Amino acid sequence: MKDNTILIKNAFILDSNNFKGKKQSLLIKNDKISEISSRIDENDVDKIIDATGKILLPGFINTHTHLSMTLFRGLADDLSLDSWLNDYIWPMEANLTGDYSYIGALLGAIELIKSGTTTFSDMYFYMEDVARAVDDAGLRAVLSYGMIDFSDADKRANEIKENMALFDKCNGMADGRIKVFFGPHSPYTASEELLKEIRKLANEYNIGIHIHVSETQKEINDILNEKGLRPFEYLDSIGFLGSDVIAAHCVWLSDEEIKIIKKNNVKVSHNPCSNMKLASGIAPISKLIENDICVGIGTDGASSNNNLDLIEELKTASLLQKVATLNPKVLTANEAIAMGTIKGAEVLGLDDEIGSIEIGKKADIILVDTNQVNMVPGSSNLSSNIIYSANGSNVDTTICNGKILMENKKLTILNEEEIYNKARQVIKELKETI
Ligand SMILES: N[C@@H](CCSC[C@H]1O[C@@H](n2cnc3c(=O)[nH]cnc32)[C@H](O)[C@@H]1O)C(=O)O
Ligand SMILES: [Zn+2]
(Lines give C-alpha, C1' and ligand atoms only; values in the text may rest on other atoms or scores of the structure.)
(Ligands and ions follow the chains in the order given, each with its own letter.)
Protein backbone atom coordinates (compact mmCIF):
# COMPACT_ATOMS: atom_id res chain seq x y z
CA MET A 1 0.00 0.00 0.00
CA LYS A 2 1.17 3.54 -0.75
CA ASP A 3 2.42 5.61 2.19
CA ASN A 4 0.25 8.47 3.37
CA THR A 5 2.34 11.62 3.82
CA ILE A 6 1.71 15.03 5.35
CA LEU A 7 4.25 17.84 5.16
CA ILE A 8 4.03 20.55 7.83
CA LYS A 9 5.99 23.51 6.51
CA ASN A 10 7.88 26.24 8.39
CA ALA A 11 6.75 25.65 11.97
CA PHE A 12 8.50 26.77 15.15
CA ILE A 13 9.16 23.35 16.68
CA LEU A 14 9.00 23.27 20.47
CA ASP A 15 9.44 20.26 22.73
CA SER A 16 11.39 19.30 25.84
CA ASN A 17 14.53 18.62 23.75
CA ASN A 18 14.29 21.92 21.97
CA PHE A 19 13.05 24.97 23.82
CA LYS A 20 14.57 27.35 21.27
CA GLY A 21 11.82 26.66 18.75
CA LYS A 22 13.81 26.42 15.53
CA LYS A 23 11.84 27.04 12.32
CA GLN A 24 11.69 23.75 10.46
CA SER A 25 9.51 21.50 8.38
CA LEU A 26 8.32 18.08 9.41
CA LEU A 27 7.19 15.10 7.37
CA ILE A 28 4.65 12.59 8.61
CA LYS A 29 4.62 9.20 6.95
CA ASN A 30 1.56 7.14 7.93
CA ASP A 31 1.44 7.18 11.76
CA LYS A 32 5.01 8.42 12.40
CA ILE A 33 7.31 11.41 12.17
CA SER A 34 9.71 10.51 9.38
CA GLU A 35 11.76 13.64 8.71
CA ILE A 36 12.56 16.98 10.38
CA SER A 37 14.62 19.47 8.42
CA SER A 38 14.71 22.99 7.07
CA ARG A 39 14.08 21.68 3.58
CA ILE A 40 11.81 18.78 2.70
CA ASP A 41 10.91 17.88 -0.87
CA GLU A 42 7.30 18.88 -1.51
CA ASN A 43 6.86 16.60 -4.49
CA ASP A 44 4.78 13.52 -3.98
CA VAL A 45 3.45 14.45 -0.53
CA ASP A 46 -0.27 13.85 -0.11
CA LYS A 47 -0.94 16.98 1.89
CA ILE A 48 0.89 20.19 2.75
CA ILE A 49 0.06 22.24 5.86
CA ASP A 50 1.58 25.72 5.86
CA ALA A 51 2.51 26.32 9.51
CA THR A 52 4.12 29.72 9.06
CA GLY A 53 3.62 31.67 12.30
CA LYS A 54 2.56 28.57 14.18
CA ILE A 55 4.21 26.73 17.06
CA LEU A 56 4.41 22.97 16.60
CA LEU A 57 4.38 20.84 19.77
CA PRO A 58 3.84 17.22 20.73
CA GLY A 59 0.14 16.65 21.48
CA PHE A 60 -0.46 17.25 25.18
CA ILE A 61 -0.91 14.27 27.51
CA ASN A 62 -3.63 14.31 30.18
CA THR A 63 -2.53 11.75 32.79
CA HIS A 64 -5.70 11.68 34.88
CA THR A 65 -9.28 12.19 33.86
CA HIS A 66 -12.76 10.69 33.85
CA LEU A 67 -13.75 11.66 30.31
CA SER A 68 -17.46 10.87 30.44
CA MET A 69 -17.82 13.18 33.45
CA THR A 70 -18.05 16.07 30.98
CA LEU A 71 -21.75 15.21 31.27
CA PHE A 72 -21.67 16.40 34.89
CA ARG A 73 -19.97 19.72 34.16
CA GLY A 74 -21.42 22.36 36.44
CA LEU A 75 -23.65 19.86 38.21
CA ALA A 76 -22.17 20.22 41.68
CA ASP A 77 -19.81 23.10 42.42
CA ASP A 78 -18.26 24.60 45.55
CA LEU A 79 -18.13 21.35 47.54
CA SER A 80 -15.51 19.21 49.28
CA LEU A 81 -14.50 15.93 47.60
CA ASP A 82 -16.39 13.91 50.20
CA SER A 83 -19.73 15.70 49.77
CA TRP A 84 -19.26 16.14 45.99
CA LEU A 85 -18.81 12.36 45.53
CA ASN A 86 -21.27 11.02 48.10
CA ASP A 87 -24.11 13.52 47.78
CA TYR A 88 -24.04 14.42 44.09
CA ILE A 89 -21.77 12.42 41.78
CA TRP A 90 -22.25 8.84 42.97
CA PRO A 91 -26.09 9.12 43.01
CA MET A 92 -25.97 10.51 39.46
CA GLU A 93 -23.50 7.87 38.26
CA ALA A 94 -25.81 5.14 39.56
CA ASN A 95 -28.05 5.89 36.55
CA LEU A 96 -25.34 6.02 33.89
CA THR A 97 -25.47 3.58 31.00
CA GLY A 98 -22.95 2.53 28.38
CA ASP A 99 -24.62 4.71 25.76
CA TYR A 100 -24.58 7.74 28.06
CA SER A 101 -20.91 7.19 28.85
CA TYR A 102 -20.18 6.94 25.14
CA ILE A 103 -21.80 10.33 24.49
CA GLY A 104 -19.98 11.86 27.47
CA ALA A 105 -16.69 10.46 26.18
CA LEU A 106 -17.32 11.87 22.69
CA LEU A 107 -18.08 15.27 24.22
CA GLY A 108 -14.84 15.02 26.19
CA ALA A 109 -12.98 13.92 23.06
CA ILE A 110 -14.10 17.08 21.24
CA GLU A 111 -12.80 19.17 24.11
CA LEU A 112 -9.46 17.34 24.15
CA ILE A 113 -8.97 17.68 20.40
CA LYS A 114 -9.90 21.37 20.38
CA SER A 115 -7.48 22.18 23.19
CA GLY A 116 -4.55 20.15 21.84
CA THR A 117 -4.58 16.96 23.91
CA THR A 118 -3.95 13.80 21.92
CA THR A 119 -3.49 11.24 24.73
CA PHE A 120 -5.41 10.83 27.97
CA SER A 121 -5.44 8.39 30.86
CA ASP A 122 -8.96 7.61 32.03
CA MET A 123 -10.59 5.81 34.95
CA TYR A 124 -14.32 5.23 34.84
CA PHE A 125 -17.01 2.66 34.18
CA TYR A 126 -18.54 1.50 30.89
CA MET A 127 -15.01 1.63 29.57
CA GLU A 128 -15.74 -0.44 26.48
CA ASP A 129 -18.01 2.40 25.43
CA VAL A 130 -15.27 4.91 26.20
CA ALA A 131 -12.92 2.79 24.07
CA ARG A 132 -15.45 2.97 21.24
CA ALA A 133 -15.46 6.77 21.55
CA VAL A 134 -11.63 6.87 21.54
CA ASP A 135 -11.61 4.74 18.41
CA ASP A 136 -14.21 6.92 16.69
CA ALA A 137 -12.52 10.17 17.73
CA GLY A 138 -9.02 9.11 16.62
CA LEU A 139 -7.38 9.83 19.99
CA ARG A 140 -4.85 7.78 21.99
CA ALA A 141 -5.73 6.58 25.49
CA VAL A 142 -4.81 4.52 28.51
CA LEU A 143 -8.09 3.20 29.89
CA SER A 144 -8.75 1.70 33.29
CA TYR A 145 -11.93 0.47 34.88
CA GLY A 146 -12.44 2.14 38.28
CA MET A 147 -12.65 -0.67 40.85
CA ILE A 148 -14.39 -0.07 44.19
CA ASP A 149 -15.14 -2.99 46.54
CA PHE A 150 -15.56 -1.41 50.00
CA SER A 151 -14.30 -4.79 51.35
CA ASP A 152 -17.20 -6.76 49.82
CA ALA A 153 -15.76 -10.01 48.42
CA ASP A 154 -18.45 -10.50 45.74
CA LYS A 155 -18.11 -6.93 44.51
CA ARG A 156 -14.32 -7.37 44.47
CA ALA A 157 -14.51 -10.46 42.26
CA ASN A 158 -16.88 -8.66 39.90
CA GLU A 159 -14.79 -5.51 39.68
CA ILE A 160 -11.63 -7.49 38.88
CA LYS A 161 -13.54 -9.47 36.26
CA GLU A 162 -14.72 -6.21 34.65
CA ASN A 163 -11.21 -4.76 34.46
CA MET A 164 -9.76 -8.02 33.08
CA ALA A 165 -12.57 -8.21 30.49
CA LEU A 166 -11.70 -4.65 29.43
CA PHE A 167 -8.07 -5.70 29.07
CA ASP A 168 -8.95 -8.76 27.00
CA LYS A 169 -11.28 -6.82 24.76
CA CYS A 170 -9.66 -3.42 24.34
CA ASN A 171 -5.91 -3.59 24.97
CA GLY A 172 -4.21 -2.78 21.65
CA MET A 173 -7.51 -1.72 20.08
CA ALA A 174 -7.89 1.20 17.63
CA ASP A 175 -4.67 0.44 15.71
CA GLY A 176 -2.78 0.17 19.00
CA ARG A 177 -3.92 3.58 20.25
CA ILE A 178 -5.63 2.07 23.30
CA LYS A 179 -3.81 0.51 26.24
CA VAL A 180 -5.61 -0.91 29.24
CA PHE A 181 -4.54 -0.42 32.88
CA PHE A 182 -6.02 -1.52 36.19
CA GLY A 183 -7.98 1.18 38.05
CA PRO A 184 -8.33 0.43 41.78
CA HIS A 185 -10.08 3.67 42.73
CA SER A 186 -8.22 4.63 45.93
CA PRO A 187 -6.92 3.25 49.24
CA TYR A 188 -10.19 4.36 50.91
CA THR A 189 -12.57 2.61 48.48
CA ALA A 190 -10.46 -0.44 47.47
CA SER A 191 -9.70 -3.01 50.18
CA GLU A 192 -6.25 -4.36 51.02
CA GLU A 193 -7.30 -7.68 49.44
CA LEU A 194 -8.22 -5.93 46.19
CA LEU A 195 -4.98 -3.94 46.09
CA LYS A 196 -2.87 -7.07 46.71
CA GLU A 197 -4.74 -9.02 44.05
CA ILE A 198 -4.25 -6.20 41.55
CA ARG A 199 -0.51 -6.09 42.26
CA LYS A 200 -0.33 -9.84 41.59
CA LEU A 201 -2.27 -9.58 38.32
CA ALA A 202 -0.31 -6.48 37.24
CA ASN A 203 2.92 -8.45 37.58
CA GLU A 204 1.51 -11.50 35.88
CA TYR A 205 0.10 -9.71 32.83
CA ASN A 206 2.38 -6.67 32.76
CA ILE A 207 -0.52 -4.23 33.15
CA GLY A 208 -0.09 -0.73 34.63
CA ILE A 209 -2.11 0.59 37.59
CA HIS A 210 -3.95 3.92 37.89
CA ILE A 211 -5.14 4.99 41.37
CA HIS A 212 -6.12 8.09 43.36
CA VAL A 213 -3.81 8.55 46.39
CA SER A 214 -3.49 11.15 49.16
CA GLU A 215 -6.01 13.58 47.77
CA THR A 216 -7.49 15.06 50.97
CA GLN A 217 -6.64 15.38 54.65
CA LYS A 218 -9.72 13.30 55.38
CA GLU A 219 -8.21 10.42 53.39
CA ILE A 220 -4.93 10.67 55.34
CA ASN A 221 -6.80 10.64 58.67
CA ASP A 222 -9.08 7.77 57.63
CA ILE A 223 -6.17 5.56 56.49
CA LEU A 224 -4.15 6.52 59.59
CA ASN A 225 -7.09 5.49 61.78
CA GLU A 226 -7.70 2.25 59.92
CA LYS A 227 -4.14 1.12 59.17
CA GLY A 228 -1.97 3.14 61.55
CA LEU A 229 -0.02 4.35 58.52
CA ARG A 230 -0.20 7.21 56.01
CA PRO A 231 -1.49 6.20 52.52
CA PHE A 232 1.89 5.73 50.80
CA GLU A 233 3.35 4.00 53.88
CA TYR A 234 0.40 1.62 53.84
CA LEU A 235 0.62 0.98 50.07
CA ASP A 236 4.37 0.35 50.41
CA SER A 237 3.82 -2.02 53.35
CA ILE A 238 1.53 -4.27 51.28
CA GLY A 239 3.92 -4.31 48.31
CA PHE A 240 1.49 -2.45 46.05
CA LEU A 241 3.80 0.27 44.73
CA GLY A 242 6.01 0.11 41.64
CA SER A 243 7.15 2.01 38.57
CA ASP A 244 3.94 0.90 36.83
CA VAL A 245 1.73 2.85 39.28
CA ILE A 246 0.20 6.22 38.35
CA ALA A 247 -0.82 7.95 41.56
CA ALA A 248 -3.26 10.78 40.93
CA HIS A 249 -3.23 13.82 43.25
CA CYS A 250 -0.48 13.16 45.87
CA VAL A 251 -1.49 16.34 47.70
CA TRP A 252 -0.67 15.43 51.29
CA LEU A 253 2.79 13.84 51.47
CA SER A 254 5.20 13.54 54.38
CA ASP A 255 8.95 13.64 53.62
CA GLU A 256 8.98 9.91 54.34
CA GLU A 257 6.27 9.35 51.72
CA ILE A 258 8.22 11.36 49.12
CA LYS A 259 11.09 8.94 49.76
CA ILE A 260 8.70 6.01 49.30
CA ILE A 261 7.46 7.44 45.98
CA LYS A 262 11.05 7.93 44.83
CA LYS A 263 12.23 4.49 46.00
CA ASN A 264 9.41 2.75 44.11
CA ASN A 265 9.63 5.05 41.07
CA VAL A 266 5.89 5.72 41.33
CA LYS A 267 4.58 8.13 38.70
CA VAL A 268 2.60 11.15 39.87
CA SER A 269 -0.34 12.84 38.14
CA HIS A 270 -0.83 16.42 39.32
CA ASN A 271 -4.37 17.88 39.06
CA PRO A 272 -4.14 21.43 40.42
CA CYS A 273 -7.54 22.81 39.29
CA SER A 274 -9.47 19.92 40.82
CA ASN A 275 -7.37 20.13 44.01
CA MET A 276 -8.06 23.85 44.24
CA LYS A 277 -11.76 23.64 43.37
CA LEU A 278 -12.51 20.86 45.87
CA ALA A 279 -10.28 22.68 48.39
CA SER A 280 -8.22 19.49 48.74
CA GLY A 281 -4.89 21.29 49.10
CA ILE A 282 -1.66 22.10 47.24
CA ALA A 283 0.51 19.19 46.09
CA PRO A 284 4.25 19.71 46.77
CA ILE A 285 5.10 19.41 43.08
CA SER A 286 8.27 21.51 43.00
CA LYS A 287 9.63 19.35 45.82
CA LEU A 288 8.79 16.18 43.88
CA ILE A 289 10.51 17.57 40.77
CA GLU A 290 13.57 18.53 42.88
CA ASN A 291 13.66 14.90 43.99
CA ASP A 292 13.61 13.80 40.35
CA ILE A 293 10.19 12.17 40.65
CA CYS A 294 8.27 11.89 37.38
CA VAL A 295 5.22 14.21 37.44
CA GLY A 296 2.66 14.56 34.64
CA ILE A 297 -0.35 16.86 34.48
CA GLY A 298 -4.05 15.91 34.60
CA THR A 299 -7.39 17.69 34.66
CA ASP A 300 -9.37 15.11 36.65
CA GLY A 301 -13.00 14.94 35.48
CA ALA A 302 -14.70 17.99 33.98
CA SER A 303 -17.08 18.02 36.93
CA SER A 304 -14.35 19.08 39.37
CA ASN A 305 -12.35 21.37 37.09
CA ASN A 306 -14.62 22.34 35.07
CA ASN A 307 -12.85 21.96 31.72
CA LEU A 308 -10.22 19.75 30.08
CA ASP A 309 -7.88 22.51 28.87
CA LEU A 310 -4.35 21.27 29.64
CA ILE A 311 -2.67 24.56 28.74
CA GLU A 312 -4.78 26.26 31.38
CA GLU A 313 -4.00 23.40 33.79
CA LEU A 314 -0.24 23.79 33.21
CA LYS A 315 -0.43 27.52 33.82
CA THR A 316 -2.34 26.90 37.03
CA ALA A 317 0.22 24.29 38.10
CA SER A 318 3.05 26.73 37.53
CA LEU A 319 1.41 29.68 39.29
CA LEU A 320 0.25 27.56 42.20
CA GLN A 321 3.77 26.29 42.92
CA LYS A 322 5.15 29.82 42.73
CA VAL A 323 2.64 31.20 45.19
CA ALA A 324 2.84 28.17 47.51
CA THR A 325 6.64 28.38 47.76
CA LEU A 326 6.86 32.18 47.36
CA ASN A 327 9.51 31.44 44.76
CA PRO A 328 8.85 32.60 41.16
CA LYS A 329 11.62 30.34 39.85
CA VAL A 330 9.85 27.04 40.50
CA LEU A 331 7.89 25.16 37.81
CA THR A 332 9.10 27.34 34.95
CA ALA A 333 7.38 27.49 31.56
CA ASN A 334 9.96 25.04 30.17
CA GLU A 335 9.31 22.60 33.02
CA ALA A 336 5.58 22.97 32.45
CA ILE A 337 5.99 22.11 28.74
CA ALA A 338 7.90 18.97 29.77
CA MET A 339 5.21 18.11 32.33
CA GLY A 340 2.50 18.33 29.67
CA THR A 341 4.40 16.27 27.10
CA ILE A 342 7.41 13.98 27.72
CA LYS A 343 6.82 13.58 31.47
CA GLY A 344 3.21 12.65 30.78
CA ALA A 345 4.44 10.06 28.29
CA GLU A 346 6.78 8.64 30.96
CA VAL A 347 3.94 8.54 33.47
CA LEU A 348 1.99 6.35 31.06
CA GLY A 349 5.01 4.24 30.05
CA LEU A 350 4.66 5.52 26.47
CA ASP A 351 7.80 7.66 26.20
CA ASP A 352 9.26 5.44 23.47
CA GLU A 353 6.26 6.30 21.32
CA ILE A 354 5.06 9.81 22.16
CA GLY A 355 5.84 13.00 24.13
CA SER A 356 8.46 14.61 21.90
CA ILE A 357 9.06 15.61 18.29
CA GLU A 358 11.57 13.02 17.12
CA ILE A 359 11.96 10.93 14.01
CA GLY A 360 10.39 7.51 14.52
CA LYS A 361 7.94 8.66 17.18
CA LYS A 362 4.20 8.62 16.59
CA ALA A 363 2.89 11.68 14.75
CA ASP A 364 0.92 13.14 17.68
CA ILE A 365 1.31 16.81 16.89
CA ILE A 366 -0.46 20.10 17.48
CA LEU A 367 -0.08 23.56 15.97
CA VAL A 368 -0.72 26.69 18.03
CA ASP A 369 -1.55 29.87 16.18
CA THR A 370 0.49 32.91 17.25
CA ASN A 371 -1.54 35.33 15.13
CA GLN A 372 -4.12 35.85 17.87
CA VAL A 373 -4.47 38.74 20.24
CA ASN A 374 -3.25 36.99 23.42
CA MET A 375 -0.12 35.82 21.55
CA VAL A 376 0.94 39.23 20.18
CA PRO A 377 3.68 40.46 20.25
CA GLY A 378 4.86 37.20 21.79
CA SER A 379 7.99 36.40 23.74
CA SER A 380 11.13 34.99 22.17
CA ASN A 381 10.64 32.24 24.77
CA LEU A 382 8.10 29.97 23.08
CA SER A 383 7.35 28.06 26.29
CA SER A 384 6.31 31.33 27.90
CA ASN A 385 3.94 32.03 25.00
CA ILE A 386 2.32 28.64 25.34
CA ILE A 387 2.16 28.30 29.13
CA TYR A 388 1.53 31.86 30.31
CA SER A 389 -0.20 33.56 27.34
CA ALA A 390 -2.08 30.86 25.47
CA ASN A 391 -5.01 28.67 26.33
CA GLY A 392 -6.56 25.69 24.59
CA SER A 393 -8.53 27.82 22.17
CA ASN A 394 -5.31 28.99 20.52
CA VAL A 395 -4.77 25.43 19.26
CA ASP A 396 -5.29 25.44 15.53
CA THR A 397 -4.52 21.92 14.32
CA THR A 398 -4.47 18.55 16.10
CA ILE A 399 -2.98 15.37 14.64
CA CYS A 400 -2.95 11.97 16.35
CA ASN A 401 -1.24 8.86 14.99
CA GLY A 402 -0.68 10.71 11.71
CA LYS A 403 -4.37 11.49 11.28
CA ILE A 404 -5.69 15.06 11.24
CA LEU A 405 -8.45 15.41 13.86
CA MET A 406 -8.74 19.20 13.60
CA GLU A 407 -7.40 21.60 10.99
CA ASN A 408 -7.69 25.40 11.14
CA LYS A 409 -9.94 24.95 14.19
CA LYS A 410 -12.39 22.73 12.29
CA LEU A 411 -12.97 19.17 13.45
CA THR A 412 -12.49 16.68 10.65
CA ILE A 413 -14.10 13.55 12.11
CA LEU A 414 -16.50 14.36 14.96
CA ASN A 415 -19.71 16.30 14.45
CA GLU A 416 -19.82 18.97 17.16
CA GLU A 417 -23.46 20.06 16.91
CA GLU A 418 -24.77 16.52 16.91
CA ILE A 419 -22.70 15.52 19.96
CA TYR A 420 -23.58 18.69 21.90
CA ASN A 421 -27.27 18.03 21.33
CA LYS A 422 -26.97 14.40 22.38
CA ALA A 423 -25.05 15.39 25.53
CA ARG A 424 -27.76 17.93 26.44
CA GLN A 425 -30.39 15.24 25.97
CA VAL A 426 -28.46 12.70 28.09
CA ILE A 427 -28.07 15.04 31.05
CA LYS A 428 -31.77 15.94 30.81
CA GLU A 429 -32.69 12.25 30.96
CA LEU A 430 -30.25 11.58 33.83
CA LYS A 431 -31.66 14.46 35.86
CA GLU A 432 -35.18 13.11 35.38
CA THR A 433 -34.16 9.77 36.93
CA ILE A 434 -33.09 11.20 40.30
N1 LIG B 1 -16.76 0.62 39.55
C2 LIG B 1 -16.91 1.84 40.30
C3 LIG B 1 -16.67 3.00 39.40
C4 LIG B 1 -15.54 3.88 39.75
S5 LIG B 1 -15.11 4.92 38.42
C6 LIG B 1 -14.14 6.18 39.14
C7 LIG B 1 -14.82 7.06 40.12
O8 LIG B 1 -13.95 8.12 40.51
C9 LIG B 1 -14.75 9.24 40.80
N10 LIG B 1 -13.93 10.46 40.87
C11 LIG B 1 -13.87 11.48 40.01
N12 LIG B 1 -12.98 12.41 40.43
C13 LIG B 1 -12.49 11.95 41.60
C14 LIG B 1 -11.54 12.46 42.52
O15 LIG B 1 -10.96 13.54 42.38
N16 LIG B 1 -11.29 11.70 43.61
C17 LIG B 1 -11.91 10.52 43.83
N18 LIG B 1 -12.80 10.02 42.99
C19 LIG B 1 -13.09 10.72 41.88
C20 LIG B 1 -15.78 9.21 39.71
O21 LIG B 1 -16.87 10.03 39.96
C22 LIG B 1 -16.11 7.72 39.66
O23 LIG B 1 -17.13 7.40 40.55
C24 LIG B 1 -18.30 1.85 40.92
O25 LIG B 1 -18.99 0.88 40.81
O26 LIG B 1 -18.65 2.86 41.54
ZN1 LIG C 1 -9.99 11.54 39.64
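All of these numbers come straight from a predicted model, not from anything done at the bench. Just follow the structure's listing: the first ligand is 1, and inside any ligand the first atom is 1. The basis for the numbers below is simple: all heavy atoms, side chains too, and nothing from hydrogens, waters or symmetry mates.
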Could you identify the single nearest non-hydrogen protein atom to [atom] and state the distance to 0.1 Å?
{"atom": "atom 24 (C) of ligand 1", "value": "F125 CE2, 3.5 Å"}
{"atom": "atom 18 (N) of ligand 1", "value": "H185 NE2, 2.8 Å"}
{"atom": "atom 23 (O) of ligand 1", "value": "E93 OE1, 2.5 Å"}
{"atom": "atom 5 (S) of ligand 1", "value": "Y124 CA, 3.7 Å"}
{"atom": "atom 16 (N) of ligand 1", "value": "E215 OE1, 2.7 Å"}
{"atom": "atom 12 (N) of ligand 1", "value": "H66 NE2, 3.2 Å"}

**Message:** Is there a polar contact between ligand 1 and W84, counting only N or O atoms under 3.5 Å apart?
**Reply:** no
**Message:** Below the 3.5 angstrom mark, is there an N/O of S274, backbone or side chain, next to an N/O of ligand 1?
**Reply:** no
Got [X] and [Y] here, is their nearest side-chain heavy-atom distance under 4.5 Å?
{"X": "L411", "Y": "K114", "answer": "yes"}
{"X": "I110", "Y": "Y420", "answer": "yes"}
{"X": "D77", "Y": "K277", "answer": "yes"}

Side chains of residues 344-357: which donor-acceptor partners sit under 3.5 Å, not counting sequence neighbours?
{"residue": "S356", "atom": "OG", "partner": "E358", "partner atom": "OE2", "Å": "2.5"}
{"residue": "S356", "atom": "OG", "partner": "K361", "partner atom": "NZ", "Å": "2.8"}

**Message:** Suppose I only count heavy atoms of I89 and a 4.0 Å limit; which atoms of ligand 1 are within that range?
**Reply:** 21 (O)
**Request:** Would you mind running through ligand 1 and noting each atom that sits below 4.0 Å from a heavy atom of W90?
**Result:** 23 (O)
**Asked** Salt-bridged, R230 to E256, with N to O below 4.0 Å?
**Response** no
Look at the side chain of [X] and the backbone N and O of [Y], then say whether any donor-acceptor pair between them is shorter than 3.5 Å.
{"X": "H212", "Y": "A248", "answer": "no"}
{"X": "T412", "Y": "I404", "answer": "yes"}
{"X": "T65", "Y": "D300", "answer": "yes"}
{"X": "R199", "Y": "F240", "answer": "yes"}

**Message:** Any heavy atom of M69 closer to ligand 1 than 4.0 angstrom?
**Reply:** yes
**Message:** Does K155, at its NZ atom, have more than 12 non-hydrogen atoms belonging to other residues, nucleotides or ligands within less than 6.0 Å?
**Reply:** yes
Heavy-atom distances under 4.0 Å decide this one: backbone, side chain, both or neither, for [X] against ligand 1?
{"X": "Y126", "value": "neither"}
{"X": "N271", "value": "neither"}
{"X": "K155", "value": "side chain"}
{"X": "E162", "value": "neither"}
{"X": "Y188", "value": "side chain"}

**Fill in**
With rounding to 10 degrees, D300 OD1, the Zn ion (ligand 2) and H64 NE2 define an angle of 90°
**Request:** To the nearest 10 degrees, calculate the angle at the Zn ion (ligand 2) involving NE2 of H66 and NE2 of H212.
**Result:** 100°
**Closest non-hydrogen atom pair, Y126 against S101** = CD1-OG, 3.4 Å
**Sole residue of N391, T299, N307 in side-chain hydrogen bond (donor to acceptor under 3.5 Å, both in side chains) with E312** = N307
**Item:** Heavy-atom nearest option to atom 1 (N) of ligand 1, drawn from S68, G146, A94
**Value:** G146
